[in-house]
Protein chains: 2
Amino acid sequence: MNIKAVPPHITDAEWEVMRVVWANKHVTSKEVILILESKMNWKQTTVKTLLGRLVEKGVLDTEQDGRKYIYKTKFEEMVFIKDYANNLFQRICKKDIGHVIEDIIKEQTLSFNDIKKIEETLMNKKELAISEVDCQCISGQCECSLHQHGEKPKSAG
Amino acid sequence: MNIKAVPPHITDAEWEVMRVVWANKHVTSKEVILILESKMNWKQTTVKTLLGRLVEKGVLDTEQDGRKYIYKTKFEEMVFIKDYANNLFQRICKKDIGHVIEDIIKEQTLSFNDIKKIEETLMNKKELAISEVDCQCISGQCECSLHQHGEKPKSAG
DNA sequence: AAGTATCGTTTACAAGCGTAAACTTTAATC
DNA sequence: GATTAAAGTTTACGCTTGTAAACGATACTT
């Protein structure tokens, strides 16, 4: 019964470090320091602090190798990405999700192949589609309650 | 030359308050307090503090009405949603954006109509599609640099 | 063996955030 | 006009985050 584990929360600075860990199967602090030094302009100890916090939080595992550590992630990047995305969709009225997805598509750069893949995903999604998404906001936190039939008001002028 | 203004950063707690402001054209602190009291279990002053900080940050405008204020937003909800979404896409390799969008679609609940709209958006997007998205990561922060032709490695086993 | 370069660990410290008590002002009521 | 209730303002306080300096332990060098 694989409970979909919500990963620990990581901060922006920690995310930068994690990208290095994800891109390389395993890393040492030195490697992370070198990779991030120009992008982030961090002192060495800053990276070390962040690695330490990530270990504390249970995001990274360490394996000793002489006097140094090899750091490995315990969570795939996608877990954090999904968490971040879910976080966004939890802040909005469920009825608006489709609209937000449209907006994302308009905003981001996509290749022909990306589009093809998304189209396929959408085709499959039709099987699971419903006729109307249920707004799950509390009254007063979205506009749905202000009118009858679930549709959001277009121009409440 | 409408510069796309990045809105001030608002915190999670502030976002809860903003949802009330967005849902109602304008609100008083009392209204916000009433609307959020059961969901958030906040004391009255907590809401007042948050409203105060939002005004400080320039997210809300006030208009005095006797001894009380009428609060109005200076930014539409969509501005913050877009900002949040962009924030996500800035943390990942550009080549993965399509994949993440697919994932979002799989994960979220959508109506037939949502799907239809997204399909239309995708159709239009084809005009702007490119043959290959350029990874904009620095070397060491994504896997693209580990091989030749832009395609991400499937299973680097 | 002594010196030095490298790792990791501890401590630091200001700003931001969640959450609220205490205080002040002002409008409404008796 | 004095009292009270309702708004806003000030102060608070512990935790998190970004960013590091200082310190201690250890491995390589001479």
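Letters go in sequence order (proteins before strands), and every chain restarts at 1. Worth saying up front: this structure is predicted, and the values here are computed from it rather than measured. Note: hydrogens, waters and symmetry copies are ignored here, and every other heavy atom, side chains too, is used.
- Within 6.0 Å of atom NZ in A:K117, 12 or fewer heavy atoms from other residues, nucleotides or ligands are found, so the atom counts as exposed in its surroundings.
- The interatomic distance linking A:I33 (CD1) with C:dG8 (C1') rounds to 10 Å, in whole Å.
- Classified by interplanar angle (parallel below 30°, tilted 30° to 60°, perpendicular above 60°), the ring pair B:Y84/A:Y84 is tilted.
- The shortest distance between the side-chain N/O atoms of B:T11 and the OP1/OP2 oxygens of C:dC17 is not below 4.0 Å.
- B:T121 and B:N124 are not linked by any side-chain donor-acceptor pair at a separation below 3.5 angstrom, with hydrogens and angles left out of the test.
- Counting only N and O atoms by type, the side chains of B:Q141 and A:K39 include a donor and acceptor under 3.5 Å apart.
- Between B:Q44 and B:E37, the side chains place no donor N or O within less than 3.5 Å of an acceptor N or O (distance only, hydrogens not considered).
- Atoms CH2 (B:W15) and P (C:dG16) sit 20 Å apart, rounded to a whole Å.
- Closest approach to the B:K48 side chain among C:dT9, D:dG8, D:dT19 is made by D:dG8 (side chain taken as heavy atoms from C-beta onward).
- A:F80 and A:W22 have tilted rings, their planes meeting at an angle from 30° to 60° on a 0 to 90° scale.
- Within residues 57-76 of chain A, the residues approaching DNA chain C are A:R67, A:K68, A:Y69, A:Y71, by heavy-atom distance under 4.0 Å.
- For B:T49 and C:dG18, the shortest distance from a side-chain N or O to OP1 or OP2 is not below 4.0 Å.
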